[in-house]
Amino acid sequence: MIDTSKHHYMPQPAHVMGASLFATLKRGGLTKSVAFSPDGNFFATSSRAKTKLWRAADGAYTATLSGHSETVTSVAFSPDGALLATGSEDNTTKQWRVADGVCTATLAGHCPTRCSESSWWAPVTQPQIPLSQFTTRKINSRAVNPCLRIENPTDNASVTGLKRLKQSFIDDTASGEPLPSAHLLFAWHGTSPDRVAAGCRDGPRSLRTTDCGAGSYFALEAAYALRYSDPSDGKSAVILYALSVSQAKVITPERDYREVEDPSTPHLYGLSQCSGKPNTAVALAPGCDAHFIPVKNYGCSHPLTHLPTPRDVDYQAVDESSGEAEAHEIVIESHHRCIPIAIVYFNT
């Protein structure tokens, strides 16, 4: 939330040991951390539970980033200056979009250490072939081949889930018109630091032992992706990818889980519709290049019947319209349909 009231810029020129004091910014509290953007146009200061942004050229206050519940102890810009990370004594790290002050991610469960010590950004060099080419090919294929176009389900869970997915699509205004079929979005993939290079070079490889389709798995939420980052030498990593999606199926309990288990797989307790052995794992739905799964942690409860289960079923699909979704998974058919954008490392 941006608040631009009650801040004053107080120029105080002075000269000390040959250096010139450009300005003093009166903030009304102890400053805990200061960081300049890479281009030098802005800088951020933190104190108490807020972070403030200032224009470096004239010291003008531009915004307040509010969301932490305890003192913000550190701030750090991404290499392109578009994002700002803040670390707080409330044991969370938040990611903010500098342009409008929107919080785009919250990573919980971290010790109250400095961002510069507990996390850092690494930009990824873009490959020769732009992702837009993959998007264009998919648009053309679905435009000329009616067999590739399918009708979306009309049940409330599917409609609400697709609406949530569309909110994540990147606006395409270069042509003056939105993309008619394929769409681009950003999503996170958790991995161990020693696998980052391979993940950026080759893309996340398809998993066949997962619950909601054989493919490359991502999450809209960085904190959720971090759960699947295997720590190595006290460090974890998440990779931010740009994905291309043209036709997605929303996984829902009502449409994709069994009330009664198949007799051949009694150990799956009604989840065989969305999980199984490696050689029988569920592939993506016909005509779809992605699955979108709103999820919640059910513990020892069946997602469809809500009856107790003998084992912890962990995170499974939930109806997006229920408002109970804790995160959102995305499965794509091929690791060739994603491009790495940045890497974030964490000390665990």
Side-chain angles (χ1 to χ4, degrees), residues 142 148-169 181-183 185-189 206-221 223-225 227-228 243-262 265-277 280-333 337:
R142 293 189 181 275
L148 296 178
R149 299 194 296 270
I150 63 175
E151 293 294 328
N152 291 322
T154 57
D155 61 283
N156 192 46
S158 297
V159 171
T160 309
L162 283 176
K163 182 178 179 180
R164 175 64 183 87
L165 175 61
K166 291 178 181 179
Q167 291 174 353
S168 302
F169 290 153
S181 182
H183 301 270
L185 69 153
F186 292 122
W188 299 88
H189 176 79
S206 178
L207 300 176
R208 296 188 59 81
T209 57
T210 45
D211 291 339
C212 295
S216 297
Y217 272 69
F218 305 85
L220 292 184
E221 298 83 5
Y224 183 77
R227 296 180 67 254
Y228 300 95
L243 314 182
S244 174
V245 174
S246 62
Q247 185 70 50
K249 169 183 169 62
V250 178
I251 302 297
T252 69
E254 292 75 13
R255 297 174 62 91
D256 299 292
Y257 289 78
R258 287 191 172 106
E259 291 189 13
V260 179
E261 183 52 60
D262 188 314
T265 55
H267 62 288
L268 295 177
Y269 313 115
L271 304 183
S272 63
Q273 192 92 337
C274 283
S275 63
K277 299 179 180 179
T280 60
V282 179
L284 296 185
C288 296
D289 58 12
H291 282 176
F292 182 65
I293 315 107
V295 297
K296 65 173 283 188
N297 192 342
Y298 284 90
C300 295
S301 175
H302 191 280
L304 180 57
T305 65
H306 303 294
L307 295 175
T309 58
R311 66 179 177 90
D312 187 342
V313 299
D314 200 33
Y315 283 86
Q316 299 291 338
V318 65
D319 184 343
E320 176 70 21
S321 66
S322 70
E324 298 179 3
E326 299 171 11
H328 301 82
E329 297 179 0
I330 303 173
V331 192
I332 60 173
E333 62 179 350
R337 298 184 59 77

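- In this structure, CZ in Arg311 is found 9.5 Å from CG in Asp314, a value given to the nearest 0.5 Å.
- Shown here are the side chain to side chain contact (heavy atoms under 4.5 Å, CB included) partners of Asn152, two or more places apart in sequence or in another chain: Leu162, Gln247.
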Output, in order, the C-alpha distance, side-chain angles, deciding distance and verdict of side-chain contact (heavy atoms from CB on, under 4.5 Å) for Glu320 and Val250.
CA-CA 9 Å; Glu320 176 70 21; Val250 178; over 6 Å; no

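- The main-chain N or O of His302 is never found under 3.5 Å from a side-chain atom of Thr305 such that the two would form a donor-acceptor pair.
- Minimum heavy-atom separation, Val159 to Pro153: CG2-O, 3.8 Å.
- Note: Gln316 CD to Thr309 OG1 = 9.5 Å, rounded to the nearest 0.5 Å.
- When the side-chain hydrogen bond (donor to acceptor under 3.5 Å, both in side chains) test is applied to Ser168, the partners found at least two apart in sequence or on another chain are Arg164.
- The heavy-atom pair separating Ala248 from Leu165 by the smallest distance is CB-CD2, 3.6 Å.
- Residues meeting the side chain to side chain contact (heavy atoms under 4.5 Å, CB included) test with Asn156, sequence neighbours left out: Thr160, Ser321.
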Show the numbers, then the answer: is there a side-chain contact (heavy atoms from CB on, under 4.5 Å) between Leu243 and Leu185?
CA-CA 5 Å; Leu243 314 182; Leu185 69 153; 4.1 Å; yes

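- Side chain of His328 to backbone of Phe292: no donor-acceptor contact under 3.5 angstrom is found.
- Tyr315 and Glu329 form no side-chain donor-acceptor contact under 3.5 Å, judged by distance and modelled atom types alone.
- Taking OG of Ser158 as the reference point, atom CD1 of Ile251 lies at 9.0 Å (rounded to 0.5 Å).
- To the nearest 0.5 Å, atoms CZ (Arg227) and CG (Asn297) are separated by 7.0 Å.
- Scored by the ring pair (Phe, Tyr, Trp, His ring centres under 6.0 Å) test, Phe186 finds no partners at all (sequence neighbours excluded).
- Put simply, the side chain of Glu254 does not reach to within 4.5 Å of the side chain of Asp155, judged on heavy atoms.
- Ala285 approaches Lys249 most closely through the heavy-atom pair CB-CD, 3.3 Å.
- Interatomic distance, CG of Asp289 versus CZ of Arg337, reported as 5.0 Å (0.5 Å rounding).
- To the nearest 0.5 Å, the span separating CG on Asp312 from OG on Ser301 amounts to 10.5 Å.
- When the side chain to side chain contact (heavy atoms under 4.5 Å, CB included) test is applied to Lys296, the partners found at least two apart in sequence or on another chain are Tyr298, Val318, Glu324, Glu326.
- Residues Pro303 and Tyr257 approach most closely at CG-CE2, 3.9 Å, considering heavy atoms.
- With sequence neighbours excluded, the residues satisfying ring pair (Phe, Tyr, Trp, His ring centres under 6.0 Å) with Phe218 are His189, Tyr241.
- Heavy-atom minimum distance, Leu304 versus Pro253: CD1-O, 3.8 Å.
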